[in-house]
Protein chains: 4
Amino acid sequence: MPATSRRGNRGPAAAAGNRRAILDAARRLFTERGYRVPLSTIAREAGVGQGVLYRHFPTRLDLAFAVFEENFAELEAIAADPGEGAFGRLWSRLLEMTIAESAFVEMVVDARRALPDRGDDRRLLALVEATLPRARAAGLVDPALTADDVLLAQRMVYGVVVTETDPVRVRQAVEGALALLKERALVPAVR
Amino acid sequence: MPATSRRGNRGPAAAAGNRRAILDAARRLFTERGYRVPLSTIAREAGVGQGVLYRHFPTRLDLAFAVFEENFAELEAIAADPGEGAFGRLWSRLLEMTIAESAFVEMVVDARRALPDRGDDRRLLALVEATLPRARAAGLVDPALTADDVLLAQRMVYGVVVTETDPVRVRQAVEGALALLKERALVPAVR
Amino acid sequence: MPATSRRGNRGPAAAAGNRRAILDAARRLFTERGYRVPLSTIAREAGVGQGVLYRHFPTRLDLAFAVFEENFAELEAIAADPGEGAFGRLWSRLLEMTIAESAFVEMVVDARRALPDRGDDRRLLALVEATLPRARAAGLVDPALTADDVLLAQRMVYGVVVTETDPVRVRQAVEGALALLKERALVPAVR
Amino acid sequence: MPATSRRGNRGPAAAAGNRRAILDAARRLFTERGYRVPLSTIAREAGVGQGVLYRHFPTRLDLAFAVFEENFAELEAIAADPGEGAFGRLWSRLLEMTIAESAFVEMVVDARRALPDRGDDRRLLALVEATLPRARAAGLVDPALTADDVLLAQRMVYGVVVTETDPVRVRQAVEGALALLKERALVPAVR
DNA sequence: AATGAATGAGTTTTCATTCAT
DNA sequence: TATGAATGAAAACTCATTCAT
């Protein structure tokens, strides 16, 4: 659904709201229609002019990374919890994101052609490294499980999500993938 | 490199050669420049007119599936071998294809949005089902390994390949993914 | 006036006619509305689609140079005449072109920012060098007049044309400029 | 470099400073990047908002003429000198301006399309008429040289400057042009 | 049957101008 | 009064598809 239709020049005060509306529209449209959805469609759905979209996000990748960034912020908030369950919640949320927003695989593919490393892998790695030791100490995961393993596992789940042709079977396919990885006791399984 | 330069209307005899040249050019360009490479580029590289490309392959997907089909044909030839090593060779070749032609993930993503199921999964499944029992009987794989597991594992490897930003680390990443799956003894590992 | 309105795909046979129509429209619109006239306007006036214009002339400069090239071709034809009057006719036509198509100054300014030397100066220099000696031998011009002088004089006339704000006074201004240069006996004066 | 960074609404007192900063930025950017440089760029470089630029200069031409006006003011100051050398200094400075700010040719071309005569020619003519007689009386210039000749000569130099593709050869080209005009004893030559 | 230019709709991109704060 | 974001009308550019020869 478009943000409430906006008309006329609402002045600079609208900037934050516009940015929000653009990000929401982009997240939704990337998911529904894929990464290549026209920028003009995103602007229209966000209820802003094309120029506003360009002011906020000069390239498609800038927009995509900004949406991605919000996911990261959420994961960082989870990882900031000092409890032993943080890793489990981080992994669970990461799986949900992977399932819900597989459109980002297309973005990654595109980014790979267009850009040098943006360091996103390292940021995610840091979150895992911050939380995994406590889970290990509490006996919640296989002691041999490394942070690299976790990231690799997430990428493997990505592969399953993106190649699943029937949307209603995505969760089931991910369950199957996690079962194949189960020996290393990645927990918890997807809800 | 374009197929040998072609000029003028060479009549029906050229049809097969043209089809061949288009498929070769498409395979190369999909890999090098991604699934969205302009069809006109493929026609040019193949040394044919755009009309010919349309005659042979009315849509981008028809072309992509035809390229994919050649991979299937190769896999089918491997699976036709009645020996106990057929499954291992099938898996090995499947991994190689996954590594070399990850551009097909983009195609699959596109196909998912555009088309009803084309049954490719089922064809691949049939090849695995034809070869896995003999490998299992010969003790070459974990007895609990199912054909579905194998297909799922291949999709997981896809995920790793497509998300690897550094081309020279793709094999290493796949090795890591296979190691995570090793408990089920998928053999052989990637070369 | 637009080339006779054309609709529908007339096939490759239309290519030469389209190129001609585009060049004519571009020459007219550059002169009437300046070098920055929208390419879409040129395409519309030529009676072709935008894509056709792009196929023939990938950039605005390519188009402008092609129009310019036609002027060169005309000058080359004049210079090919072995008679002693060739230089006079060359100079006269060059002045006419300068007066009629001052829009090309804008092009030159633009080209200077966008491109390395295209060698046009040298081509024009060659034409002058081919014809000037015969005129000199026939006593038609000051014996001290060099080909470089001629080119410089033409650039000076350019300056007068482009800075004349009243279109009806352009010829009069050029006459004045030629009078200032008269000691070197550039002949003939503009008609 | 932008004028000292300005933040916040500093009230009417800032108006003069803003005008100054805009003119400086415009002069520099017109020269460096051409007359078509985006107005937003000029505002940014001047350290002011776009609205302020519009308040001071409603159109691009208003801004361009204001920059030009400053040149006039400098020339007027030179012409106000009652000595016999005023004409020489006026001509010399005029040549320098022509060389340094050839971007103004683009402006003139644009103005010609957009505006009725602004009388700039007449203002410059007045300056020459005020100083030339004294130089003539002192025997510093050809007695036959008229003020119209001087203005025409300056426009001719414009033409040479704007058509010179190699920036380092501009002065040399101007020298050549002045040599062609030398019979009328325009002095002094460019430095 | 092959060629390759033409078409034109779709997308991206820019920027002069307006206007809420 | 200054700010700088919003607007939206152009303009530029791309490319899948058609079709005369």
Side-chain angles (χ1 to χ4, degrees), chain A residues 6-19 36-44 47-56 58-60, chain B residues 6-15 17-18 36-44 47-56 58-60, chain C residues 6-19 36-44 47-56 58-60, chain D residues 6-15 17-18 36-44 47-56 58-60:
Chain A
R6 297 146 192 276
R7 286 300 124 202
N9 184 339
R10 293 176 330 296
N18 280 347
R19 194 186 144 94
R36 309 277 175 167
V37 65
L39 295 178
S40 54
T41 302
I42 294 175
R44 180 161 23 78
V48 304
Q50 304 237 126
V52 173
L53 191 150
Y54 271 82
R55 166 180 291 275
H56 286 290
T59 74
R60 183 182 292 276
Chain B
R6 297 147 191 282
R7 291 295 123 204
N9 182 338
R10 289 165 345 291
N18 281 347
R36 309 275 173 171
V37 67
L39 295 179
S40 55
T41 302
I42 294 175
R44 178 160 22 79
V48 305
Q50 288 185 239
V52 173
L53 191 150
Y54 269 80
R55 172 176 302 276
H56 286 292
T59 74
R60 182 183 293 275
Chain C
R6 298 144 192 276
R7 288 300 124 203
N9 184 337
R10 292 175 333 295
N18 281 347
R19 193 187 145 91
R36 309 276 175 169
V37 66
L39 295 178
S40 54
T41 302
I42 295 175
R44 180 160 23 79
V48 303
Q50 302 237 118
V52 173
L53 191 151
Y54 274 83
R55 165 181 292 274
H56 286 290
T59 73
R60 182 183 294 275
Chain D
R6 297 147 191 283
R7 289 298 123 202
N9 182 339
R10 288 164 348 292
N18 282 348
R36 308 277 172 169
V37 67
L39 295 179
S40 55
T41 302
I42 295 174
R44 178 158 25 77
V48 304
Q50 288 184 240
V52 172
L53 192 151
Y54 269 79
R55 172 176 303 277
H56 287 291
T59 74
R60 181 183 293 275

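Here is how names work: the chains are called A, B, and so on, in the same order as the sequence lines, proteins then strands, and each is numbered from 1. Since the structure is predicted, the reported quantities are computational estimates derived from the model, not experimental observations.
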Shortest non-hydrogen pair, A:G49 vs A:A43, comes out as O-CB, 4.0 Å
Ignoring the backbone of B:A15, work out which of E:dA2, E:dA6, F:dA5 is nearest its side chain. E:dA2
Where does DNA chain F pair, written as one dot-bracket string 5' to 3', with Watson-Crick or G-U pairs under 3.5 Å, ( ) inside the strand, [ ] for crossing pairs and | for another strand? .||||||||||||||||||||
Start at the 5' end of DNA chain F and walk down; is the nucleotide closest to A:G49 or to D:G49 reached first? D:G49
According to side chain to side chain contact (heavy atoms under 4.5 Å, CB included), who are the partners of A:Q50, at least two apart in sequence or on a separate chain? A:S40
Side chain to side chain contact (heavy atoms under 4.5 Å, CB included) partners for D:T41, two or more places apart: D:L29, D:R33, D:V37, D:P38, D:R44, D:E45
For B:R55 and C:R55, find the nucleotide of DNA chain E closest to each by heavy atoms; which residue's nucleotide sits nearer the 5' end? B:R55
Which parts of nucleotides 10-17 of chain E does protein reach within less than 4.0 Å, heavy atoms only, written one letter per nucleotide 5' to 3' as B for base, S for sugar-phosphate only and - for none? -SBBBBSB
Side-chain N or O of C:N18 versus OP1/OP2 of E:dA5: is the shortest distance under 4.0 Å? no
Working to the nearest 0.5 angstrom, can you tell me the gap between B:N18 CG and B:H56 NE2? 5.0 Å
Think B:H56 has a side-chain N or O under 4.0 angstrom from the OP1 or OP2 of E:dA1? no
Measure across B:L53 and B:L39 and return the closest heavy-atom pair with its distance rounded to 0.1 Å. CD1-O, 3.7 Å
Rounded interatomic separation in angstrom, taking CZ from B:R44 and C1' from F:dC15: 12 Å
Which heavy atom of D:R36 sits nearest to which heavy atom of D:R60, and what is that distance? C-NH1, 3.7 Å
Indicate yes or no: at least one non-hydrogen side-chain atom of C:Y54 is less than 4.5 angstrom from one of C:T59. no
